[in-house]
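Please read the structure below before turning to the comments.
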Amino acid sequence: MAEVDTRTLPRPGIGTYFIGSHWRLLLVEMMRVLLNLRWILIGFLSLAALGAALAPAFAWLSKTTVQRIELGEIDPFALLPEFMPIFLAIILGLVLADFGESILSKLLETRLIIVMQRSYLERHQQGNVSQDVAHMLFGSDVAKKGFQVIYKDIWTIITVTTSVLLWQLSLGAQWVPFLIFSMFPTIYFVWYFGHRISHTSLHILDTQSSIAETTVRRDQSSLYGHQERYYLAVLRLHILKWLAENASDLVLWASFGLLALLAMWFGLGPSLRDISLAELTALAINLKLLSKPLGNVGRVYTRWQEAYPALMRSLLPQMQQEKKSK
């Protein structure tokens, strides 16, 4: 298994604060970590790309099958010997890709938690015991989610979205503009919740430190108060995440439907009379496939905002302290 020597990661000094913004420095530090884990990462991304490439094949298979049936020349059961091997091959490829991706994903996640723990200890020479314990047991796991945004979520969104749009070009190119423009309201919708999620996540990290501190002192009344604040903060965080993540699916479908209806109303898009059953079947499947990565836009954004304070605490603690002092 690849080892990451956190001592080789540069510790930013005061002068580096003026070279670009803080998030750029954070991304540089994160890319250094991922580079040290490159072989696990390459294997994971390869299997993720294979699964994304195979998934839209069901739309092509469905359209071809329905077209053959619409011709009225072939008994549906007579198509089984022709299409069943293709169907089983697609299923087998997806299962194998999903299994391998799941194993490598877990290995990568565990290694990232270890790296965040080691990095934190290396960069906090004068430690606060309660914060150290809280970050080792809780904060490092939260920081891991920020890496998942880079190597897992964004890659999945790009590959699946591109694959779906390419398949749709071959199945019904006239719908591609509607699929593309329906993405923008979804992306804009989740942007609103970012700052609130990040602020709440930082509050949860600080509350965990307070819980650890009062536990050591056996201060029961203060401990209970911090636990209740943690409880309310987690509730607030998940409400904000639910709004950003789940409502985005509804926004996507509503945006697509509204755009399509407006285009038909003004005569800019295809009429319902011109849409065959085969095209409608393929479009529904592709829109469902597209809703998954675009729905994940909300999940990606909330995951990054949730992980951001923990990432700063692990990789750029000096900068986080300077921000707090302002």
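Note: Gln148 CD to Leu112 CG = 8.0 Å, rounded to the nearest 0.5 Å. A distance of 11.0 Å separates CG in Leu237 from CD in Gln305, rounded to the nearest 0.5 Å. Annotation: the span from Thr214 atom OG1 to Asp219 atom CG amounts to 6.5 Å, rounded to 0.5 Å. Separation of atoms CG (Leu243) and CD1 (Ile197) is listed at 9.0 Å; rounding is to 0.5 Å. From Leu34, atom CG reaches atom CG of Leu27 across 10.5 Å, with rounding to the nearest 0.5 Å. In this structure, the separation between OG1 on Thr110 and CG on Asp141 is 9.5 Å, given to the nearest 0.5 Å.
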Audit row: Leu47, Phe99, side chain to side chain contact (heavy atoms under 4.5 Å, CB included) steps and yes/no: CA-CA 9 Å; Leu47 291 173; Phe99 174 75; over 6 Å; no

Worked verdict on Val234 versus His238 for side chain to side chain contact (heavy atoms under 4.5 Å, CB included): CA-CA 6 Å; Val234 170; His238 281 272; 3.6 Å; yes

Residue pair Arg218, Leu223: steps toward the side chain to side chain contact (heavy atoms under 4.5 Å, CB included) verdict: CA-CA 8 Å; Arg218 299 287 181 177; Leu223 172 63; over 6 Å; no

Derivation of the side chain to side chain contact (heavy atoms under 4.5 Å, CB included) call for Ile150 and Met31: CA-CA 9 Å; Ile150 294 177; Met31 294 307 296; 4.2 Å; yes

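Under the 3.5 Å distance criterion, the side-chain polar atoms of Thr302 are left unmatched by any main-chain donor or acceptor of Lys241. Remark: side-chain polar atoms of Ser102 are not paired, donor with acceptor, to backbone N or O of Asp98 under 3.5 angstrom. When atom types are taken as modelled, the side chain of Ser314 and the backbone of Ala310 share a donor-acceptor pair closer than 3.5 angstrom. In this structure, the side chain of Gln117 engages the main chain of Met136 through a donor-acceptor pair within 3.5 Å. For Arg313 (side chain) and Tyr120 (main-chain N/O), no donor-acceptor pair under 3.5 Å exists by modelled atom type. A distance-only check finds a donor-acceptor pair linking the side chain of Arg38 to the backbone of Leu35 [under 3.5 Å]. Distance alone, capped at 3.5 Å, places no donor-acceptor pair between the Thr207 side chain and the His226 backbone.
Between the side chains of Ser105 and Glu109, at least one donor N or O lies within less than 3.5 Å of an accepting N or O.
Listed by chain and number, the residues in a side chain to side chain contact (heavy atoms under 4.5 Å, CB included) with Val28 are Arg32 (sequence neighbours excluded).
Using a 4.5 Å cut-off between side-chain heavy atoms of Ile, Leu, Val, Met, Phe, Trp and Tyr, with links allowed through other members, Ile113 and Leu137 fall into different hydrophobic clusters. Each of Leu205 and Val216 belongs to its own hydrophobic cluster when Ile, Leu, Val, Met, Phe, Trp and Tyr are linked at side-chain heavy-atom distances under 4.5 angstrom. Under a hydrophobic-cluster definition in which Ile, Leu, Val, Met, Phe, Trp and Tyr are linked whenever side-chain heavy atoms come within less than 4.5 Å, directly or via other members, Val115 and Leu107 are assigned to the same cluster. Grouping the Ile, Leu, Val, Met, Phe, Trp and Tyr side chains by contacts below 4.5 angstrom, directly or via other members, places Trp242 apart from Tyr231.
Within a 6.0 Å radius of NE2 in His199, no more than 12 heavy atoms belonging to other residues, nucleotides or ligands are found.
Using a 4.5 Å heavy-atom cutoff, the side chains of Leu50 and Leu96 are not in contact. Here the side chains of Ile204 and Phe138 are in contact, with some heavy-atom distance below 4.5 Å. The closest side-chain heavy-atom distance from Phe147 to Leu108 is not below 4.5 Å.
Taking all atoms of both residues into account, the shortest heavy-atom contact from Ile211 to Tyr230 is CD1-CB, 4.1 Å. Here the closest non-hydrogen pair linking Tyr151 and Leu41 is CB-CD1, 3.2 Å. In this structure, Ala143 and Leu311 approach most closely via the heavy-atom pair O-CD2, 3.3 Å. Considering all non-hydrogen atoms of both residues, Leu315 and Ser119 come closest at CD2-OG, 3.5 Å. Between Leu240 and Arg196, the shortest heavy-atom contact is CD1-CB, 3.7 Å. Closest approach of Phe193 to Ala244, counting heavy atoms only: CD1-CB, 3.7 Å.
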